[in-house]
Each structure stands twice: as C-alpha cells, then as structure tokens.
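A short write-up of the structure that comes next.
These values consider heavy atoms only, across backbone and side chains, with no hydrogens, waters or symmetry-generated copies. Every chain is numbered from 1 and lettered A, B, ... according to where its sequence line falls, protein lines coming before strand lines.
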2 protein chains.
Amino acid sequence: MSHTYDYPRPAVTVDCVVFGMDDEDLKVLLIRRGVEPFSGRWALPGGFVRMDEALDDAARRELEEESGIRPSHLEQLYTFGAPDRDPRGRVITVAYFALVKLSAHHLHASTDAREAAWFSVWDTPKLAFDHAEVLGTALQRLKGKVRYQPIGFELLPPKFTLSQLQRLYEVVLERELDKRNFRKKILAMDLLEELDEVEQDVSHRAARLYRFDHKKYRQLEKAGFNFEL
Amino acid sequence: MSHTYDYPRPAVTVDCVVFGMDDEDLKVLLIRRGVEPFSGRWALPGGFVRMDEALDDAARRELEEESGIRPSHLEQLYTFGAPDRDPRGRVITVAYFALVKLSAHHLHASTDAREAAWFSVWDTPKLAFDHAEVLGTALQRLKGKVRYQPIGFELLPPKFTLSQLQRLYEVVLERELDKRNFRKKILAMDLLEELDEVEQDVSHRAARLYRFDHKKYRQLEKAGFNFEL
DNA sequence: TGACAGGGTGTTCGCCGGACACTATGGCGG
DNA sequence: CCGCCATAGTGTCCGGCGAACACCCTGTCA
C-alpha cells in the first residue's frame with residue numbers, strides 16, 4: 001500500500017538517549033543496526049512515528065520493542081532535522097532523553113534479534129547518523145538539569161547510599177564534590193528517608209541506605225521550594 | 001505534482017513564538033489566519049518545512065515572509081505532535097522561540113496580505129490549533145532562561161535605562177524586584193557599558209542609558225562566569 | 001590483631017542576597 | 001519663578017549559605 005501527497009513530506013522518527021548508572025560510570029544504551037544505512041554500527045534506539053501515535057508514545061514503544069526497557073523518566077530533548085542527516089532522504093528525528101535504574105534492567109538480550117548494550121558515555125563507539133551530536137545534547141541537558149531537579153534519583157536503585165548519590169553527581173557534573181558539604185546540603189533538603197538498613201556484601205564498613213521521598217518533594221515543590229544541586 | 005511513499009508520513013511545520021517588549025508589557029506576535037482551518041482566528045506565525053531546508057531556516061523564512069521580522073534571538077522550543085492537533089490530519093510542528101527588539105520592527109503591515117499584530121502575552125485572543133499551549137511553553141522557557149542567560153537584552157533597544165531593564169525582568173518573572181538590589185547586582189556583573197547619554201523627551205529627570213557588552217560577556221563566559229538573575 | 005577501605009561527622013569564614021528610605025533632577029503648570 | 005510631581009539614583013546591616021578543611025569509626029579479611 002502506498003500513500004500520496006500534494007507536497008513532499010519528510011519522514012519523522014524518534015530516537016532515545018537512555019542513561020543508566022552502574023557503580024562506576026554513567027552508561028548509555030545503544031543498539032547495533034542490522035540494516036542499511038550504517039548496518040553494523042551502533043546507534044540510539046528509535047524508529048518511525050506511527051500516524052496515530054503521540055511522539056512520547058512512539059519513543060516509549062520503540063524503546064520497549066528494541067530493549068524491553070520502560071524508563072522511569074522520559075522527556076523530549078530536541079528535534080534534529082538537518083536536510084542531510086540521513087542518507088535515505090529527509091528524515092526529521094525527535095530525540096528523547098530517558099533515565100532508568102540500571103539495576104532493574106539487565107537487558108534480556110536482544111528482544112527482536114538486535115543487539116543492545118550499555119556503553120560508558122565517555123567511551124562510545126562511532127555512532128550512526130548524527131547520533132553523536134544527539135548524545136552530546138543529551139549529556140548537556142542531563143548536566144544542566146540534574147542540578148535543579150531531583151531527576152538523578154531515577155538513575156539509582158530505590159535504596160541507595162549517600163556515596164552512590166555523590167558519585168552520580170560527580171560523574172554527571174564532571175567535578176569532585178566535598179563529602180561533608182554534599183551530605184550536609186542534601187540532607188538539609190529533607191527529601192531523603194533514612195532507612196534502618198545498610199548495604200550488604202561489602203568488604204568494609206557498610207553504609208546506611210536512603211530512599212528518595214517523592215511525595216515530600218511534590219509537597220515542597222508546591223510550597224515554592226526549589227531543589228538545587 | 002504529487003509524492004508517493006510506502007508508509008504514511010506526517011506533515012511537518014514550524015511555528016514561532018516571537019516576544020517583544022514595549023514600555024509597559026511583554027508582547028507576542030500573532031497572525032490572523034485567512035484560510036481554513038481556523039480562518040479568522042489568530043495564530044502563531046509558521047508554515048511548512050521545505051524538503052531541503054534546515055528547521056531553523058524554515059522558522060526564519062516563515063517569520064520573515066509573514067511579518068518581515070528577523071529576530072535577534074531564535075532557538076528551538078519544543079516539538080508538538082499530538083495526533084489530533086490539526087483537523088487536516090497528522091501535522092507535527094517544531095516550535096521556535098524568538099526575541100526581537102520591538103522598537104526596530106514597526107510591522108510594515110501585512111507583507112503578504114495577512115494581518116499581523118502584537119498582543120500582550122497576558123491577554124491574547126483565542127488561538128488556533130494548540131497554539132495557546134505552545135505560547136504557554138514559550139513563556140515558561142523565557143521565564144526560566146532569562147535568569148541564567150542574558151537574553152533579556154534582545155528584547156530592549158540597544159540603549160536602555162536600568163529601569164527599563166528592571167521592568168522587563170519584573171514582567172517576565174511576574175514579581176517585583178528591589179531597585180537598589182537589582183542595580184547593585186546587574187552593575188556588579190560588569191556587563192553593561194555606561195553611556196554618556198540620557199533618555200530624551202521624558203517629563204521628569206532623565207535616566208542614564210546603558211548598552212549591553214556582548215563581547216565582554218563572551219569573554220567572561222569562556223572564563224567560567226555564570227550570568228544569574 | 002592489625003591493616004585496609006570506605007563511612008561518617010563540625011566549624012570557621014567570606015560573600016552574597018534581601019530588607020529597607022531618603023535625597024537629587026528636571027519638566028511642567030499655576 | 002516657584003513649587004510640585006514623577007522618576008532617578010544611592011549605602012548599610014544582617015542572616016544564611018557555600019567553600020575549605022581532617023580526623024575518628026567500623027567492619028572485613030588476611
């Protein structure tokens with residue numbers, strides 16, 4: 001079946017930059033392409049938008065189809081539409097930005113025969129299309145946003161230690177933070193629930209676990225509170 | 001001439017939210033539609049993206065065609081793609097956000113038979129499509145961005161008084177600012193060039209004029225300086 | 001039992017943001 | 001010409017917050 005229009009139309013895709021965090025590093029999800037163009041190259045998960053589908057829904061669907069992941073945070077990032085960004089012709093892509101708790105998503109291998117894997121964001125292979133630029137934009141966004149919105153927690157397991165949280169901020173912001181000042185500030189916000197649990201299976205003194213209190217955050221937010229760093 | 005594709009494709013447009021500032025209020029540029037759908041209604045300037053044209057270029061072109069305006073600041077805002085946002089079918093619009101010096105753009109009336117006019121952003125007529133939502137998103141962006149990037153100056157004439165600048169911030173941020181603190185802070189940044197001129201034709205003491213020093217800003221920016229409020 | 005690998009904790013100081021009120025000028029009208 | 005009006009322009013104090021900074025604690029493992 002074919003479709004005919006009076007004027008030429010670009011194709012529209014969505015692509016997702018999905019970030020996850022393991023104990024050392026910030027990771028991004030990539031898919032190895034199995035078809036031309038750029039067959040064999042790594043690329044961001046994504047695909048064509050259906051005619052009856054909202055853009056956000058398309059992003060979620062493609063992500064789930066290609067990796068099985070349902071992100072805990074998803075937002076639109078930027079729309080890339082350089083006329084020559086896809087060798088097949090005019091393709092405009094609406095890029096999305098997603099955060100997942102890596103621990104909860106041990107990639108059940110390739111859901112539909114495509115290979116998916118996590119890469120350190122500082123050390124990715126050469127990417128297809130303009131996906132390196134998209135990734136760069138997403139990193140900037142993450143770096144900017146993490147300081148004034150509590151989205152960093154979406155990258156950590158539900159229960160986490162303050163050291164994990166600090167490492168996360170250090171990796172994302174690309175600078176070291178003072179342990180005492182960091183703890184003082186984050187605890188002063190009163191957004192973390194101190195649990196009666198400590199981490200397990202570590203070969204040194206075990207750290208206390210905390211949980212982010214979404215409900216309290218929403219309350220404070222309404223009252224004009226601003227999360228910052 | 002017609003164009004045929006294997007899969008259906010959405011149409012892609014750009015729409016521009018153009019802000020200007022007069023002595024009292026923040027304004028937005030609207031165009032009265034002359035064709036269906038929403039004929040007679042006011043809408044944001046915009047139109048279809050050409051096949052060989054970057055998105056930014058499309059935004060600039062449509063804006064110039066419909067109003068003669070060449071904005072001093074233009075950036076992508078957000079992409080709106082709800083399946084039912086246009087009664088003609090699937091139309092995805094990439095919205096842009098633009099700032100102009102109102103004084104320099106006394107709308108040479110309708111460049112191509114369409115009616116264009118400035119409206120107070122707090123008091124617009126009912127808008128076509130989902131343009132009210134687009135405008136709301138743009139206002140949020142302006143409000144957020146004006147505090148940590150010196151884009152407010154794009155809304156003022158090249159030479160302005162500190163009172164004009166303060167009024168601009170008050171209108172955009174929707175709150176009153178203390179005159180002494182505002183002046184202290186903005187002057188401390190050392191980004192304003194104090195001119196040997198005062199405003200003319202006012203029926204009270206004339207205020208000194210200042211000019212924003214773009215060059216100095218770029219230097220400081222490189223050195224890690226951060227503009228704030 | 002000692003060494004190692006993080007965990008956890010307070011104080012000081014300088015700066016900046018916020019609150020706050022009066023004098024100075026210039027135009028205009030009476 | 002004098003007084004009024006409308007806006008311009010100016011400085012201080014205080015409290016809070018961010019930045020710098022070092023040592024003891026605890027649990028594990030060899």
Between A/Leu187 (CG) and C/dG7 (P), how many Å, whole number? 14 Å

Hey, is A/Arg141 close enough to A/Glu75 for a salt bridge, meaning N to O under 4.0 Å? yes

B/Arg61/B/Glu65 ion pair, N-O < 4.0 Å: yes

Taking only residues two or more places apart in sequence, or in another chain, which ones meet A/Arg183 in a side-chain hydrogen bond (donor to acceptor under 3.5 Å, both in side chains)? none

Could you run down nucleotides 21-30 of chain C 5' to 3' and tag each one B, S or - for protein heavy-atom contact under 4.0 Å? B--BBSSS--

To the nearest angstrom, the CZ-P distance between A/Phe182 and C/dG8 comes to 13 Å

Integer-rounded Å distance: C/dA5 C1' and A/Asp201 CG: 16 Å

B/Glu194 CD to D/dG9 C1', in whole Å, measures 11 Å

Which pairs with one or both residues in residues 156-165 of chain A pass side-chain hydrogen bond (donor to acceptor under 3.5 Å, both in side chains), sequence neighbours excluded? A/Lys159-A/Glu197

Nearest-nucleotide pick for A/Arg208, side chain only, options being C/dA19, C/dG8, D/dG9: C/dG8

Whether the side chain of A/Lys184 and the base of C/dG8 hold a donor-acceptor pair under 3.5 Å is what I'd like checked. no

Does the ring centre of A/Phe225 sit less than 6.0 Å away from the ring centre of A/Phe227? no

Using heavy atoms and a sub-4.0 Å distance, could you list which residues of residues 160-168 of chain B are near DNA chain C? By number, please. none

Aromatic ring centroids of A/Phe153 and A/Phe160 under 6.0 Å? yes

Rounded to the nearest Å, what distance is computed from the CG atom of residue B/Asp178 to the C1' atom of nucleotide D/dT10? 12 Å

Starting at CZ of B/Arg183 and ending at C1' of C/dA19, how long is that distance when rounded to a whole Å? 17 Å

Atom pair distance, as rounded to whole Å: CD in B/Glu197 and P in D/dA8: 17 Å

Please report the distance, rounded to the nearest Å, between CD in B/Glu228 and P in C/dC15. 18 Å

B/Asp190: which residues meet the salt bridge (charged side-chain N to carboxylate O under 4.0 Å, His left out) condition with it, sequence neighbours left out? B/Lys216

Holding to salt bridge (charged side-chain N to carboxylate O under 4.0 Å, His left out), I want the full list of residues that pass it with A/Glu170, two or more places apart in sequence or in another chain. none

Please report the C-alpha distance between B/Phe80 and B/Tyr78 in whole Å, then the side-chain angles of each, then the deciding distance to 0.1 Å, and finally whether the ring pair (Phe, Tyr, Trp, His ring centres under 6.0 Å) criterion is met. CA-CA 6 Å; B/Phe80 295 84; B/Tyr78 196 82; 5.2 Å; yes

